[in-house]
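Written below as structure tokens is the structure these notes are about.
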Amino acid sequence: LPMDTVASLSGFSSTRQFHRAFAQHYHIKPAQCRLSSNRPGPARLRLSYRPPFDAPAMLGFWRQRAVPGLEWSDPNAQGGEAFTRILSLDLPQGLSHGWVRVQFDAPAHQVGVQFSEHWWPHLSPLLERLRWALDLDADPLALEAVLQADFAHSTGDRVPGAWHGFELAVRAVLGQQ
């Protein structure tokens with residue numbers, strides 16, 4: 001669909017307003033999204049986060065709790081450790097299965113994300129799940145101001161979420177959390 005049609009169907013009064021809101025929310029331009037979806041291979045994008053972020057601790061948390069065949073870590077990936085996960089998204093059309101791979105780029109304060117290309121139309125629920133699982137929306141400086149007295153060595157720590165609510169419950173019962 002042309003961008004002006006997408007903007008109109010999304011409830012925006014102008015294409016410019018749509019582009020601004022899209023870029024602000026996803027940290028990429030709509031054209032980049034469209035270009036990426038026409039390329040063969042995995043879909044790619046980058047998500048920003050507020051520093052500090054203890055990425056090795058987050059990756060260590062996921063690595064230690066990895067379920068064989070469902071999630072795995074690649075400590076020797078080009079560019080640093082990467083974590084890959086098979087994931088299901090519960091969409092209005094039903095379950096959609098695919099994979100997602102994350103790799104932190106600490107100097108840029110970003111997470112490189114690769115995912116099954118058929119998830120482009122479902123970018124919003126996928127990004128919501130990623131941001132929650134990796135705790136990317138936390139404000140670490142505000143948290144540190146409150147917690148520093150009791151947790152002096154926790155700078156950059158984040159609270160890993162779960163990829164799915166049911167999984168969180170099962171892991172808690174099994175004692176993996």
Side-chain angles (χ1 to χ4, degrees), residues 23 25-29 32-33 35-37 39-90 96-120 122-144 147-148 151-177:
H25 187 75
Y26 294 115
H27 304 288
I28 60 172
K29 296 176 184 175
Q32 290 173 299
C33 180
L35 286 173
S36 296
S37 66
R39 293 184 200 144
R44 301 170 190 262
L45 55 84
R46 300 178 72 73
L47 302 176
S48 298
Y49 59 82
R50 294 180 192 108
F53 192 116
D54 190 347
M58 177 69 74
L59 290 168
F61 176 88
W62 292 115
R63 185 182 339 100
Q64 183 179 2
R65 291 159 179 81
V67 176
L70 180 67
E71 49 198 359
W72 58 95
S73 177
D74 181 0
N76 300 316
Q78 183 178 357
E81 185 173 1
F83 184 80
T84 305
R85 164 73 193 228
I86 304 299
L87 191 62
S88 295
L89 291 177
D90 192 7
S96 178
H97 308 287
W99 59 270
V100 64
R101 180 178 194 252
V102 297
Q103 190 170 29
F104 287 87
D105 180 356
H109 310 301
Q110 295 181 334
V111 180
V113 179
Q114 294 179 349
F115 55 92
S116 301
E117 63 186 30
H118 68 274
W119 276 349
W120 270 121
H122 314 293
L123 191 59
S124 186
L126 175 63
L127 293 182
E128 183 179 319
R129 182 81 56 91
L130 279 167
R131 296 193 75 80
W132 184 59
L134 299 173
D135 199 20
L136 297 180
D137 294 323
D139 184 349
L141 298 179
L143 292 170
E144 187 175 331
L147 300 174
Q148 187 65 30
F151 302 97
H153 302 289
S154 63
T155 300
D157 282 357
R158 302 291 176 103
V159 178
W163 298 96
H164 191 276
F166 178 74
E167 178 183 329
L168 177 63
V170 170
R171 286 185 187 246
V173 169
L174 295 177
Q176 288 194 9
Q177 297 295 339

Indicate yes or no: at least one non-hydrogen side-chain atom of [X] is less than 4.5 angstrom from one of [Y].
| X | Y | result |
| --- | --- | --- |
| Trp72 | Ile86 | yes |
| Leu130 | Leu136 | no |
| Val113 | Leu126 | no |

Open item on the list: For the CD atom of Glu117 and the CH2 atom of Trp99, what is their distance to the nearest 0.5 Å?
Closed with: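 Here the interatomic distance stands at 9.0 Å.
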Open item on the list: What's the separation between atom CG in Leu134 and atom CG in Leu47, rounded to the nearest 0.5 Å?
Closed with: 8.0 Å
Task: Main-chain N/O of Asp135 paired to Arg158 side chain as donor or acceptor, under 3.5 Å - done: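 Present.
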Task: ring pair (Phe, Tyr, Trp, His ring centres under 6.0 Å) involving Trp119 - partner list, sequence neighbours excluded - done: none
Least distance between heavy atoms, [X] atom then [Y] atom:
| X | Y | value |
| --- | --- | --- |
| His118 | His122 | O-CD2, 3.9 Å |
| Gln110 | Ser48 | NE2-OG, 3.8 Å |
| Ala162 | Ala133 | O-CB, 4.0 Å |
| Ala106 | Tyr49 | CA-OH, 3.5 Å |
| Gly79 | Gln103 | C-NE2, 3.4 Å |

- [ ] Keeping to residues at least two apart or across chains, list the side-chain hydrogen bond (donor to acceptor under 3.5 Å, both in side chains) pairs with something in residues 80-90.
- [x] Arg63-Glu81, Glu71-Arg85, Ser73-Glu81, Arg85-Glu167, Ser88-His97
Quick one: list whatever passes side chain to side chain donor-acceptor pair (under 3.5 Å) with [X], sequence neighbours left out.
| X | answer |
| --- | --- |
| Arg129 | none |
| Asp74 | none |
| Gln114 | none |

Open item on the list: With a 6.0 Å cut-off on the ring centroids, do Trp163 and Trp62 count as close?
Closed with: yes
Contacts under 3.5 angstrom, residues 50-61 side chains, donor-acceptor by atom type, not counting sequence neighbours:
from: Arg50; atom 1: NH1; to: Asp137; atom 2: O; distance (Å): 2.9
from: Arg50; atom 1: NH1; to: Ala138; atom 2: O; distance (Å): 3.0
from: Asp54; atom 1: OD1; to: Ala57; atom 2: N; distance (Å): 3.2

